[in-house]
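Right, one structure below, let's go through it.
Order of the sequence lines sets the chain letters (A, B, ...), proteins ahead of strands, with each chain counted from 1.
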Amino acid sequence: MPELPEVEVVRSGLAPAVTSARISAVDVLDERALTRHPLGAADFVARLEGRAVRAAVRRGKFLWLPLEGDDDALIAHLGMSGQMLLRESDAVRERHERIRLHIEHPQHGRLAVAFADQRTFGSLAVDALVATEGAAGGFGSDLAQVPSQVAHIARDALDPAFDERAFIAAVRRRSSAIKRILLDQTLISGIGNIYADEALWAARIHPESHGAALSAQAVRRLLSEVRLVLEKALAEGGTSFDAQYVNVNGQAGYFARSIEVYGRGGKPCSRCGSLIKRVAFTNRSSHFCPVCQRKR
DNA sequence: GGAATAACCTGGATGC
DNA sequence: TGCATCCAGGTTATTC
């Protein structure tokens, strides 16, 4: 599933192809891919055609392409199965392709950016850019701006401007489970079910431990493990369990080979040999080692 | 305001 | 072989 490392791989793959490119045409093949753009397909197309792209920027799991004029941006959220694929301008349609952008780049010529999404939880939109506090709004641009739909999303753990002290304090004020806190994108962004389980295992913290039950030192250690897991996944091209996550060229990542607990219910923990447990957790699953990760 | 939960959605896997 | 059911999970609206 696309979490921070997967979205960053997509962003870094798109950036050289779309920066300074002009959008010549837009094909909306399925309006369900525009749930974030309430004004509909015709408005979406009108706001994009003829515009030049400034950069490719990411905060957490949100990706956006600021448009010339610096007033608005094309935003993308990949949901659970969204893909942004770079193709030749006349390439055949992808399976589950919902939107295609035709672009013309000064150096690379005519290309297509295909947004494909099997489960249709992902969406594109054109959204106004708003000022954000101090530092750059996201990775990939120096501008202190974010799309209005991203304004409530916290900075991610790899963002140099991430406020570690504020995060630790916020965690220790909360009575809910630490895993739920890690998945709260308004506190820390970019973490999904896979990396939450992996970071908690690495930090030896039970996913159902309450935030208020953790020491500042424990939260700091968890944050450190979050960063290590995200950086390692990024270095390995992200996690691909199936065909749902690929980079802009359609290639899978390798981090699935480094997974310690996620999806390994019933298999031995690599640290202590105990069997990894899988339990239901708010409409999804949590995986943890019952010996290494004691509940506090 | 914090916390919990349901709904959205498709296709692969599984069971009968 | 065909059909029904379960499961995966990020975000947001709703409810308490």
Side-chain angles (χ1 to χ4, degrees), chain A residues 1-8 10 29-38 58-64 75-84 93-99 115-125 127 146-154 156-157 166-167 169-200 207-213 226 230 233 238-246 252 255-256 259 261-266 278-288:
Chain A
M1 309 304 160
E3 302 180 30
L4 185 154
E6 292 76 34
V7 180
E8 176 55 26
V10 170
L29 309 169
D30 187 339
E31 286 211 41
R32 289 178 300 175
L34 291 177
T35 52
R36 290 182 174 274
H37 191 89
R58 179 195 55 75
R59 175 184 285 201
K61 305 172 195 172
F62 279 87
L63 179 67
W64 68 91
I75 66 169
H77 194 289
L78 303 181
M80 288 178 60
S81 53
Q83 302 172 343
M84 297 285 270
R93 299 277 187 222
E94 299 293 325
R95 195 175 182 206
H96 307 302
E97 184 170 336
R98 313 290 182 191
I99 291 174
F115 176 68
D117 187 13
Q118 180 202 97
R119 296 176 197 173
T120 68
F121 277 23
S123 177
L124 305 187
D127 190 25
V146 292
S148 70
Q149 294 186 32
V150 184
H152 68 293
I153 299 295
D156 58 65
F167 175 73
V171 169
R172 302 189 69 219
R173 278 197 305 270
R174 300 252 172 159
S175 59
S176 51
I178 183 63
K179 177 161 174 181
R180 185 185 295 277
I181 296 171
L182 282 182
L183 296 177
D184 184 343
Q185 305 296 303
T186 66
L187 287 179
I188 183 169
S189 66
I191 303 170
N193 210 34
I194 297 173
Y195 298 117
D197 281 356
E198 292 301 305
L200 287 165
E208 290 172 11
S209 293
H210 290 187
V226 164
L230 294 178
T239 304
S240 303
F241 288 117
D242 50 27
Q244 297 313 319
Y245 163 67
V246 292
F255 188 71
I259 290 286
V261 282
Y262 180 83
R264 294 193 66 247
R278 173 185 174 275
V279 296
F281 168 79
T282 63
N283 291 338
R284 59 206 67 190
S285 299
S286 269
H287 308 80
F288 64 97

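- Side chains of A:Thr120 and A:Arg32: a donor-acceptor N/O pair is absent below 3.5 angstrom, by distance only.
- A close approach under 4.0 Å does occur between a side-chain nitrogen or oxygen of A:Arg174 and OP1 or OP2 of B:dA3.
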Under 3.5 Å between N/O atoms: give me all the protein pairs with nucleotides 13-15 of chain B, atom names plus distance.
none

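- The CG atom of A:Asp117 sits 11 Å away from the C1' atom of C:dG10 (whole-angstrom rounding).
- Remark: side-chain polar atoms of A:Arg98 are paired, donor with acceptor, to backbone N or O of A:Gln118 under 3.5 angstrom.
- Rounded to 10°, the angle separating the first-five-pair axis and the last-five-pair axis of the helix from B:dG2-C:dC16 to B:dC16-C:dG2 equals 50°.
- In the set C:dC7, B:dA3, B:dG11, C:dC7 carries the atom at the smallest distance from any side-chain atom of A:Arg278.
- Rounded to whole angstrom, the span from the CD1 atom of A:Ile194 across to the P atom of C:dA8 amounts to 12 Å.
- Considering only residues two or more places apart in sequence or on other chains, A:Thr186 meets the side chain to side chain donor-acceptor pair (under 3.5 Å) condition with A:Asp184.
- Qualifying salt bridge (Lys or Arg N to Asp or Glu O under 4.0 Å) partners for A:Glu94, counting only residues two or more places apart in sequence or in other chains: A:Arg87.
- A donor-acceptor pair shorter than 3.5 Å cannot be found between the side chains of A:Ser189 and A:Lys61.
- If you check every strand for non-hydrogen atoms under 4.0 Å, A:Ser285 touches sugar and phosphate atoms only.
- At whole-Å resolution of the value, CG in A:Leu182 and P in C:dG10 are 12 Å apart.
- As rounded to whole Å, 11 Å separates atom P of B:dA4 from atom CD of A:Glu208.
- Following rounding to the nearest Å, A:Glu3 (CD) and C:dG10 (C1') show an atom-to-atom distance of 9 Å.
- The distance between atom CD of A:Gln118 and atom C1' of B:dT10, rounded to the nearest whole Å, is 5 Å.
- In this structure A:His287 satisfies the side chain to side chain donor-acceptor pair (under 3.5 Å) test together with A:Asp197, sequence neighbours excluded.
- Using a 4.5 Å heavy-atom cutoff, the side chains of A:Leu78 and A:Met84 are in contact.
- Rounded to whole angstrom, the span from the CG atom of A:Asp156 across to the C1' atom of C:dG10 amounts to 16 Å.
- For the pair A:Arg58 (side chain) and A:Gly60 (backbone), a donor-acceptor distance under 3.5 Å is present.
- Between A:Arg180 and B:dA4 there is a side-chain polar atom (N or O) within less than 4.0 angstrom of OP1 or OP2.
- Two residues are said to be in side-chain contact when any heavy atoms from C-beta on lie closer than 4.5 Å; A:Arg36 and A:Asp127 fail this criterion.
- When the side-chain nitrogen and oxygen atoms of A:Arg98 are compared with OP1 and OP2 of B:dT10, none of them lie within a distance under 4.0 Å.
- Counting all heavy atoms, side chain and backbone alike, A:Glu3 lies closest to A:Gly190 at CB-O, 3.6 Å.
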Restricting both atoms to N or O, compile the protein contacts to nucleotides 11-15 of chain C shorter than 3.5 Å, with distance only.
| residue | atom | partner | partner atom | Å |
| --- | --- | --- | --- | --- |
| C:dT11 | OP1 | A:His77 | NE2 | 2.4 |
| C:dT11 | OP2 | A:Lys61 | NZ | 3.3 |
| C:dT11 | O3' | A:Arg36 | NH2 | 2.9 |
| C:dT12 | OP1 | A:Arg36 | NH1 | 3.1 |
| C:dT12 | OP1 | A:Arg36 | NH2 | 3.2 |
| C:dT12 | OP2 | A:His152 | NE2 | 3.3 |

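- Between A:Val226 and A:Tyr195 the shortest side-chain heavy-atom distance does not fall below 4.5 Å.
- Between A:Leu200 and A:Val261, the closest side-chain pair of non-hydrogen atoms is not below 4.5 Å.
- A:Arg32 places its CZ atom 11 Å from the C1' atom of B:dC8, with the value rounded to the nearest Å.
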